[in-house]
Asks: 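Please see the structure below; I have some questions.
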Amino acid sequence: MNGIEFTAIITFALLGSVGHCIGMCGGFIVTYTTAKIKPEQNRFTQSTYHLFYNLGRVSTYTALGALFGYFGSLWDISPLARAIMFALAGVLMILMGLSFAGKLRFLTSIEYPITRQPWFKRIFTSQLTSAKPSSFFTLGLLNGLFPCGLVYTMLVTATTTQSALWGAIVMAIFGIFTIPALFSFAFAVGLFSQTRFRSLMIQFAAITIIVFGGWTL
């Protein structure tokens with residue numbers, strides 16, 4: 001991994017989170033915010049709860065990164081195989097960019113609705129009604145399991161590192177840089193729901209992700 005690759009991951013996370021994560025995870029955030037956070041609670045308490053949620057989400061990403069990086073280390077990835085995996089990541093980025101731009105229905109076709117699974121519903125319901133601060137962290141862990149095109153792409157990158165440590169680092173960086181958009185969304189639902197603002201950000205994200213997809217290829 002080099003500086004350019006980390007810059008690409010960070011940019012991908014920042015823009016992708018505005019263009020896609022808010023739309024996909026926004027309902028999840030609104031649900032737990034409405035059910036568990038009271039308006040009379042001070043900003044510090046609310047921020048702590050949202051931070052716990054995001055730490056849980058990043059923890060899931062990091063664990064998945066370590067797992068996929070470890071899988072990559074189990075076999076000797078040839079230069080050709082590594083090139084193919086980077087090409088796959090690049091193609092996924094381009095398809096996601098076109099999906100953001102409204103040219104394809106790619107993301108909706110690959111993101112299986114895990115929320116319909118009985119085990120997910122059971123854990124989610126129990127944590128949603130729990131008064132424990134740790135329940136926000138658990139909800140974040142669950143959210144990290146959401147099937148997501150952005151996560152798929154980063155897991156391909158994590159696999160190419162051929163290291164559980166570097167795979168975890170890749171996914172941790174990705175997760176950390178998706179926090180600003182989702183953390184802000186929790187406090188500024190009105191801003192991110194404004195059609196004009198979000199539309200502009202999605203188009204900007206689409207163009208940038210397509211460019212990074214081409215660079216990765």
Asks: Which residues pass the side chain to side chain donor-acceptor pair (under 3.5 Å) test with Thr60, sequence neighbours left out?
Replies: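 In terms of side chain to side chain donor-acceptor pair (under 3.5 Å), with neighbours along the sequence ignored, Thr60 is linked to no residue.
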
Asks: Can the ring centres of Tyr49 and Phe136 be said to be less than 6.0 Å apart?
Replies: yes

Asks: Would you say the side chain of Ile84 lies within less than 4.5 Å of the side chain of Leu80, judging by non-hydrogen atoms?
Replies: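 Of all side-chain heavy-atom pairs linking Ile84 with Leu80, at least one is under 4.5 Å.
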
Asks: Under a 4.5 Å cut-off applied to non-hydrogen side-chain atoms, are Pro133 and Phe52 in contact?
Replies: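 The answer is yes, as the side chains (C-beta and beyond) meet within the 4.5 Å cut-off.
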
Asks: Does Ser130 use its side chain to pair, donor to acceptor, with the backbone of Ser126 at less than 3.5 Å?
Replies: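 No, because the side chain of Ser130 does not come within donor-acceptor range (under 3.5 Å) of the backbone of Ser126.
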
Asks: Can you check whether Met171 reaches Val151 side chain to side chain, under 4.5 Å on heavy atoms?
Replies: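 Heavy-atom side-chain distance check passes, below 4.5 Å.
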
Asks: Could you tell me which non-hydrogen atom of Ala158 sits nearest to which non-hydrogen atom of Gly65, and how far apart they are?
Replies: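 Answer, listing the atom of Ala158 first, then Gly65: CB-O, 4.0 Å.
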
Asks: Grab the two heavy atoms, one from Ser73 and one from Ser163, that are nearest each other, plus how far apart they are.
Replies: CB-N, 4.4 Å

Asks: Please confirm whether the backbone N or O of Arg122 pairs with a side-chain atom of Thr125, one donor and one acceptor, at under 3.5 Å?
Replies: no

Asks: Once rounded to the nearest 0.5 Å, what's the spacing between atom CD1 of Ile176 and atom CZ of Arg57?
Replies: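 Interatomic distance, Ile176 CD1 to Arg57 CZ, rounded to 0.5 Å: 10.5 Å.
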
Asks: Side chains of Tyr53 and Phe137: closer than 4.5 Å at any heavy-atom pair?
Replies: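 Answer no - side chains too far apart.
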
Asks: Measuring from Leu142:CG to Leu139:CG, what's the distance to the nearest 0.5 Å?
Replies: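 So the gap between those two atoms works out to 6.0 Å.
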
Asks: Mind running side-chain contact (heavy atoms from CB on, under 4.5 Å) on Phe6 and Ile169 for me, showing each step along the way?
Replies: CA-CA 10 Å; Phe6 282 124; Ile169 290 173; 4.3 Å; yes

Asks: Where is the tightest heavy-atom contact between Phe177 and Leu14, given as atom of each residue plus distance?
Replies: O-CD2, 3.2 Å

Asks: Write down the atom of Gly144, the atom of Leu64, and the distance for their closest heavy-atom approach.
Replies: O-CD1, 4.3 Å

Asks: Do Tyr32 and His50 have side-chain heavy atoms sitting under 4.5 Å apart?
Replies: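 They are in contact (side-chain heavy atoms under 4.5 Å apart), so the answer is yes.
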
Asks: What is the distance from atom CD1 of Ile173 to atom CH2 of Trp166, rounded to the nearest 0.5 Å?
Replies: 7.5 Å

Asks: To the nearest 0.5 Å, how far apart are OG1 in Thr160 and CG in Leu155?
Replies: 11.0 Å

Asks: Report the distance from atom CD1 of Ile123 to atom CG of Leu141, rounding to the nearest 0.5 Å.
Replies: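 The CG atom of Leu141 is 10.0 Å from CD1 of Ile123, to the nearest 0.5 Å.
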
Asks: Under 4.5 Å between side-chain heavy atoms, counting indirect links through other Ile/Leu/Val/Met/Phe/Trp/Tyr residues: same cluster for Leu51 and Phe44 or not?
Replies: no

Asks: If you measure from CG on Asn54 to OG1 on Thr178, what distance do you get to the nearest 0.5 Å?
Replies: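 Spacing of CG (Asn54) from OG1 (Thr178) equals 7.0 Å.
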
Asks: Check whether any side-chain heavy atom of Asn42 sits under 4.5 Å from a side-chain heavy atom of Thr45, and report yes or no.
Replies: yes

Asks: How close do Met154 and Val170 get, heavy atom to heavy atom, and via which atoms?
Replies: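 Closest pair (atom of Met154, atom of Val170, distance): O-CG1, 4.1 Å.
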
Asks: When you compare the side chain of Lys132 with that of Thr138, does any pair of heavy atoms fall below 4.5 Å?
Replies: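 They are not in contact (no side-chain heavy atoms under 4.5 Å apart), so the answer is no.
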
Asks: Using every non-hydrogen atom in the two residues, find where Gln46 and Gln41 come nearest and quote the distance to one decimal.
Replies: NE2-O, 2.7 Å

Asks: Under the ring pair (Phe, Tyr, Trp, His ring centres under 6.0 Å) rule, collect the residues that match up with Tyr70, sequence neighbours excluded.
Replies: none

